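Below you'll find the structure, written out as structure tokens, and then a few comments.
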Amino acid sequence: MSAFAFAFPAVLTALVLLPVIWWLLRLTPPKPLTEVFPPFAILASIMKREETPAQSPWWLTLLRMLMAAAIIFAIADPVFNPRTNTLASSGPLALVIDNSWASATDWQQRIDTASTLIDDAESRDVPISLVLTADRQHDAVPVDAATARNRLAAAEVRPLPADRASAVASLRTALDGTAPGTLAFISDGMAGSETDETVSALQALSPADFRLIAGDGAPAVAITTASNGADALSVTLTRLDGGPARSLPLTAHDSRGRPIATGTADFAAGSTTTTGTITAPFELRNDFARITIDGLANAGGTYLLDDGFRRRRVAFLSGEVVDASQPLLSPLHYINRALAPYADLIEPSVADLSVAIPELLEQNPSVLIMADIGRLPEDVQAEVQRWIEAGGMLIRFAGPRLAAAPADDPLVPVMLRKGERALGGALSWSEPQPLSAYPANSPFAGMRAPEGILVKRQVLAEPTPDLAERTWASLADGTPLVTTGPLGSGRLVLFHVSAETGWSNLPLSGDFVEMLRRTVQLSRGGGVSTGNGAETQGLPPYRLMTANGTLAAATGEAKPLAAGNATRAIASFDNPPGLYGTEDGYVAHNLFPPGHEIRPLAVAEGAAVREPLAGKETWSLKPHLFTLAALLLLADCAIVLFMGGAFAAAARSMPKRGATAAVLLTLMAGALAALPSESRADDAKPGDENILSRLDTTHLAYVVTGEGEVDRISERGLAGLTEFLTYRTTLEPGEPVGIDISRDELSLYPIIYWPVSASAEMPSSAAISRIDAYMRNGGTVLFDTRDQFVSLDGSSTSPNTERLQAILASLDIPPLEPVPTDHVLTKAFYLLANFPGRYAGSPLWIEAELDRAEDPSRPARAGDGVSPIMITGNDFAGAWAVDANGMALLPTVPPDEIQRDHAFRAGVNIMMYMLTGNYKADQVHVPALLERLGQ
């Protein structure tokens with residue numbers, strides 16, 4: 001490939017004409033002279049000697065020469081890095097394309113490059129063999145160009161590293177000894193492993209022409225680790241190109257995809273790894289669900305988080321007296337040092353367990369650690385047991401007090417023998433015992449085999465059939481070191497040695513830190529628990545990551561993830577990156593394990609011809625040269641006009657032209673003034689005046705049914721409620737408005753009162769669609785059947801209810817329920833127990849609220865929690881309706897003015913609820929409400 005070439009080099013022969021053009025352009029007629037009128041002076045001028053043409057200025061001639069040269073070069077079409085069809089025709093074209101995660105940012109360029117090569121192969125009648133390295137299956141049999149294009153159009157990026165070994169093996173099998181003519185490797189530039197032999201394996205196919213086509217590698221950046229520190233989230237990144245310094249913005253998203261915190265990661269010049277930080281409060285960091293690199297929408301730029309990531313609040317206390325002068329003798333010292341980088345630790349302010357434990361539990365910890373505490377006060381023990389059953393985790397360490405505790409202690413996971421096993425005691429070893437390898441059902445599985453850890457004292461567990469299942473770690477003689485067991489929704493964990501160095505040297509080892517960290521991570525972290533850490537079966541795929549870094553439903557190709565492999569294995573075809581488990585608990589499996597570094601593909605010098613991706617380097621100067629020639633032509637025209645005096649003549653005629661323009665403008669202004677106002681406001685629409693008049697004041701609206709008496713009661717009812725609102729609250733609504741739902745603008749009104757009448761005309765489907773759109777956009781419709789009874793299940797025989805059911809059948813309404821006793825409607829302004837109208841026997845139906853405890857991930861409701869629909873049969877408007885003198889038009893049933901007053905109060909609460917939403921649901925108002933109730 002040449003760095004510069006002309007598409008039509010023969011056109012450059014026109015450059016030999018430039019000297020002729022120079023000579024022609026140097027000749028120009030003399031400039032005309034302007035003479036005063038005297039006739040004889042003109043005649044004398046005519047008798048002057050004959051003049052020859054004068055030469056044009058050299059700079060003007062040079063400008064014209066440049067213009068001519070620009071046109072000649074533009075027609076010749078100079079191209080930088082032009083492509084030429086140089087495919088070898090001795091064999092098929094072999095295309096090996098990396099469609100890995102790193103190809104997502106320039107995937108279209110890779111497709112364009114492959115398409116160009118397929119076009120070249122078609123022009124030479126060469127078959128094409130196409131393989132994609134990140135696909136599970138390969139079909140490398142050479143095909144024609146049309147088939148290759150169809151396969152290329154169906155190709156897509158995978159959120160996986162490239163598996164080039166299987167792709168090359170498939171290509172070798174398909175070629176069956178036939179040497180390819182041209183072998184083009186469109187690579188992502190990344191080595192699959194430390195010993196990536198892809199280039200050597202491709203060269204072994206003996207191609208006549210071997211090309212390595214790749215981008216610059218700058219977009220290849222991946223997140224490998226996220227660590228929730230004490231003050232901030234630390235994110236480790238690796239990049240392929242260790243070039244100049246680079247700063248990347250990071251964003252943390254919650255489970256709904258909303259960005260809630262940002263940070264940066266800065267690569268130093270020449271560095272391929274860095275650590276960025278996202279600073280946020282502890283509670284906010286526990287809501288992080290994924291971390292992304294802004295502008296890099298691929299699987300490497302997205303890091304998924306699960307419950308194991310969340311930073312826990314850990315409370316711990318000891319049965320021993322803390323000696324500040326001897327911290328190394330305190331069991332809490334080693335626990336504190338082990339967990340301080342990974343959790344927020346809280347300690348009691350008093351030593352009294354009956355006070356300290358409730359004080360700690362009030363702070364809602366995820367884990368409670370008790371070091372050598374045997375007997376608990378009876379009431380405190382019951383409180384701790386209830387906390388564990390609700391989902392807490394209790395971690396206990398042995399010691400003299402625990403060894404002397406009753407054998408039937410319910411807060412230990414296994415039955416313990418009375419006393420302890422000590423070196424030199426009745427149940428002694430001949431020498432201190434080391435640890436055995438961690439079992440596969442333990443959360444410690446995957447840790448290196450323990451070395452140098454010796455135990456000389458422990459509490460023993462009674463042999464039971466399930467003891468092996470409950471054991472997370474054991475000594476070389478088989479006795480348990482760490483046991484576990486469930487208690488309700490929570491978990492008990494017991495270390496059979498003390499938390500200080502009196503019984504073993506475990507607290508001095510790195511295994512102690514990792515064991516505590518992994519155990520604490522199994523607790524609830526403010527969300528759904530990820531499990532108990534003892535899964536023997538694989539975790540099913542729950543949500544899988546797409547090529548652009550988003551989550552989608554799991555496909556049938558993914559297989560269950562083996563327990564413990566979520567953070568240790570690179571993503572593969574069987575286990576692509578994503579979330580594995582169920583909606584009740586899952587673990588995050590990311591593209592790369594912690595500490596992974598991406599490296600460039602090693603290619604020996606001269607082993608392959610390197611080329612850039614198509615459309616990235618090749619570009620033509622033709623449009624730029626034509627643009628330059630046009631600009632030079634415009635400059636030449638302006639210079640010629642100036643030298644000919646055109647601008648001077650225009651300057652002299654400017655006053656006359658200005659006067660003419662002023663006359664024309666005056667005539668146009670008079671014509672516009674003579675036009676009728678309708679012609680000057682063609683964009684005005686009928687009804688705009690009414691809309692403008694209702695924008696500055698809140699109006700209550702009702703649906704006009706076409707029945708005179710029903711509409712009169714609706715209008716007078718809303719008028720009565722308007723007067724009551726003006727008198728009792730700071731809200732001063734305007735006059736009630738009757739609306740036609742088929743044509744009037746509905747968004748001007750926060751609530752629409754709809755008196756349902758079976759004898760009125762059924763609304764059209766278009767009108768009901770407008771009501772549906774109104775409710776979706778935050779408005780509320782109050783349906784009133786005025787029959788004292790509303791049934792939504794079809795069992796009612798009321799005509800008005802049947803009409804309401806017919807209307808609701810065309811609306812997309814949410815699940816409904818009667819107003820709960822603790823709903824915002826009951827306390828929006830007045831404290832109400834029910835919502836009567838003219839009648840008092842019908843409940844007020846609103847949108848059902850999901851229980852957050854049952855569904856903590858439910859989506860936020862629109863409209864600040866305001867129900868888009870209300871249904872009653874109590875005839876609100878009949879209770880509110882007043883005449884011009886403020887007297888009630890209709891009696892309540894039964895006659896009771898207190899019921900009418902409560903009906904007005906219900907209307908006030910409904911309006912306040914509409915205007916303020918769930919504001920009054922805030923717990924900050926609970927003390928004030930209790931004070932109002934006298935409690």
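One-based numbering along the sequence shown. Here the structure is a predicted model, which is why all the values come from computation and not from measurement.
Counting only distance, with no hydrogens or angles, the side chain of D711 and the backbone of G706 share a donor-acceptor pair below 3.5 Å. Under a 3.5 Å cut-off, the side chain of N548 and the backbone N or O of A297 do not form any donor-acceptor pair. Judged by distance alone, with hydrogens and angles left aside, the side-chain atoms of R770 form a donor-acceptor pair with the main-chain N or O of I741 at under 3.5 Å. Looking at D744, its side chain does come within 3.5 Å of a backbone N or O of D740 through a donor-acceptor pair. In this structure a side-chain-to-backbone donor-acceptor pair under 3.5 Å is present from S867 to E847. The main-chain N or O of T546 is never found under 3.5 Å from a side-chain atom of T550 such that the two would form a donor-acceptor pair. For D254 (side chain) and D287 (main-chain N/O), no donor-acceptor pair under 3.5 Å exists by modelled atom type.
Rounded to the nearest 0.5 Å, atoms CE (M545) and CG (L579) are 8.0 Å apart. Here the straight-line distance linking atom CG of N909 with atom CZ of F829 works out to 8.5 Å at 0.5 Å rounding. Interatomic distance, CG of L304 versus CG of L551, reported as 5.5 Å (0.5 Å rounding). Taking CD of E715 as the start and OH of Y702 as the end, the distance is 5.0 Å to the nearest 0.5 Å. From I869, atom CD1 reaches atom CD1 of I771 across 10.0 Å, with rounding to the nearest 0.5 Å. In this structure, the separation between CD1 on I739 and OH on Y774 is 7.5 Å, given to the nearest 0.5 Å.
Contact annotation: the side chain of R838 approaches that of P891 to within less than 4.5 Å [non-hydrogen atoms, C-beta and beyond]. The shortest distance between side-chain heavy atoms of F835 and T826 falls below 4.5 Å. In this structure the side chain of L411 reaches within 4.5 angstrom of the side chain of I388, judged on heavy atoms. A 4.5 Å side-chain heavy-atom check between I871 and L808 finds at least one atom pair inside the cut-off. Under the 4.5 Å side-chain criterion, counting only non-hydrogen atoms from C-beta, V819 is not in contact with W845. Looking at heavy atoms from C-beta onward, T722 lies in side-chain contact with P736 at the 4.5 angstrom threshold. Using a 4.5 Å heavy-atom threshold, the side chains of I752 and L746 count as touching. Side-chain contact between L305 and R290: absent, with no pair of heavy atoms (C-beta onward) separated by less than 4.5 Å.
Under a cut-off of 6.0 angstrom, the local environment of CD in Q363 is crowded, with over 12 non-hydrogen atoms contributed by other residues, nucleotides or ligands.
The list of salt bridge (charged side-chain N to carboxylate O under 4.0 Å, His left out) pairs with a residue in residues 900-916, not counting sequence neighbours, reads E897-R900, D901-R905. Among residues at least two apart or in separate chains, there is no salt bridge (charged side-chain N to carboxylate O under 4.0 Å, His left out) pair with a member in residues 716-738. Contacts classified as salt bridge (charged side-chain N to carboxylate O under 4.0 Å, His left out) and involving residues 381-390 (residues at least two apart or in different chains) are not found.
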Note to self: Run the side chain to side chain donor-acceptor pair (under 3.5 Å) test on S757 and E707 for me, step by step, so that the C-alpha distance in whole Å, both residues' side-chain angles and the decisive distance to 0.1 Å come before the verdict.
What the structure shows: CA-CA 9 Å; S757 176; E707 297 183 335; 2.8 Å; yes
Check: Checking side chain to side chain contact (heavy atoms under 4.5 Å, CB included) for the pair L825/L844: CA distance, chi angles, key distance, verdict?
Finding: CA-CA 10 Å; L825 270 170; L844 178 61; 4.2 Å; yes
Next item on the list: Kindly determine whether L522 and M393 satisfy side chain to side chain contact (heavy atoms under 4.5 Å, CB included), including the steps that lead there.
Entry: CA-CA 9 Å; L522 297 178; M393 173 181 280; 3.9 Å; yes
Next item on the list: Could you please spell out the steps behind the side chain to side chain contact (heavy atoms under 4.5 Å, CB included) verdict for R786 and V756?
Entry: CA-CA 7 Å; R786 302 170 294 118; V756 180; 5.7 Å; no
Notebook entry, point to check: Passes side chain to side chain contact (heavy atoms under 4.5 Å, CB included), T729 versus M911? Steps please.
Noted result: CA-CA 11 Å; T729 72; M911 283 303 300; over 6 Å; no
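F288 and A280 make their closest contact through CZ-CB, 4.0 Å (heavy atoms, listed as atom of the first residue, atom of the second, distance). Heavy atoms only, all atoms of each residue included: P365 and I346 are closest at CB-CD1, 4.4 Å. Nearest heavy atoms, G837 versus Q899: O-NE2, 3.1 Å. The heavy-atom pair separating W754 from P763 by the smallest distance is CZ2-CG, 3.6 Å. Contact record, G907 with W880: CA-CZ2, 3.6 Å, taken as the closest heavy-atom pair. Of all heavy-atom pairs between P836 and F876, the closest is O-CE2, 3.3 Å.
Judged purely by distance below 3.5 Å, without hydrogens or angles, the side chains of D787 and T785 pair a donor atom with an acceptor atom. Between the side chains of D784 and T872, not a single donor N or O lies within less than 3.5 Å of an accepting N or O. No hydrogens or angles considered: a donor-acceptor pair under 3.5 Å links the side chains of R312 and S523.
Ring geometry for Y913 against H823 counts as perpendicular: the plane angle is over 60°, on a 0 to 90° scale with 30° as the lower cut. Ring planes of F724 and Y830: tilted class, angle from 30 to 60°.
Residues Y586 and Y542 bring their aromatic ring centres within 6.0 Å.
Tested against T262, the residues T251, L250, D294 include a single side chain to side chain contact (heavy atoms under 4.5 Å, CB included) partner, T251.
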